[in-house]
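Take a look at the structure below.
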Amino acid sequence: MLPVEQLPIDIKGITPEMRQELEERISDFEREHEPETSRGGEGYVPKIRKVDYIFAGVINGLILLYYIVAVLLA
């Protein structure tokens, strides 16, 4: 986790009080939930890999082939 000073919040139209509240909420979230969402944590979701795209493409191809055959034979 980087210090808040290194991650400036740049939202147009936000008041200084709202900015401070947002920074506090972000800090609280990072402090309370970062271990859960970090690699190996309970809520960690791995990145999508090439294998995942290939698997999805093959499955979609099979479904498309099934639909084409079903229409031609119907």
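The first residue in the sequence is number 1, and the count goes up from there.
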Result block: side-chain N/O donor-acceptor pairs under 3.5 angstrom for residues 51-74, not counting sequence neighbours:
residue: Asp52; atom: OD1; partner: Arg49; partner atom: NH2; Å: 3.4
residue: Asp52; atom: OD2; partner: Arg49; partner atom: N; Å: 3.0
residue: Asn60; atom: ND2; partner: Ala56; partner atom: O; Å: 3.1

Subject >> Pairwise distance OG1(Thr15) to CD(Gln20) - rounded to 0.5 angstrom >> reply: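 One finds 10.5 Å between OG1 of Thr15 and CD of Gln20.
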
**OP:** Kindly write out the residues that satisfy salt bridge (Lys or Arg N to Asp or Glu O under 4.0 Å) with Glu21, not counting sequence neighbours, or none if the list is empty.
**Re:**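 Listed in chain order: Arg25.
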
Original post:
Side-chain contact, heavy-atom cut-off 4.5 Å: Asp28 with Arg31?
Top reply: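 When only atoms from C-beta onward are counted, Arg31 and Asp28 do touch, with a gap below 4.5 Å.
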
**OP:** Sort and list the pairs that fulfil salt bridge (Lys or Arg N to Asp or Glu O under 4.0 Å) and have at least one residue in residues 58-74, not counting sequence neighbours.
**Re:**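 Qualifying pairs, neighbours excluded: none.
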
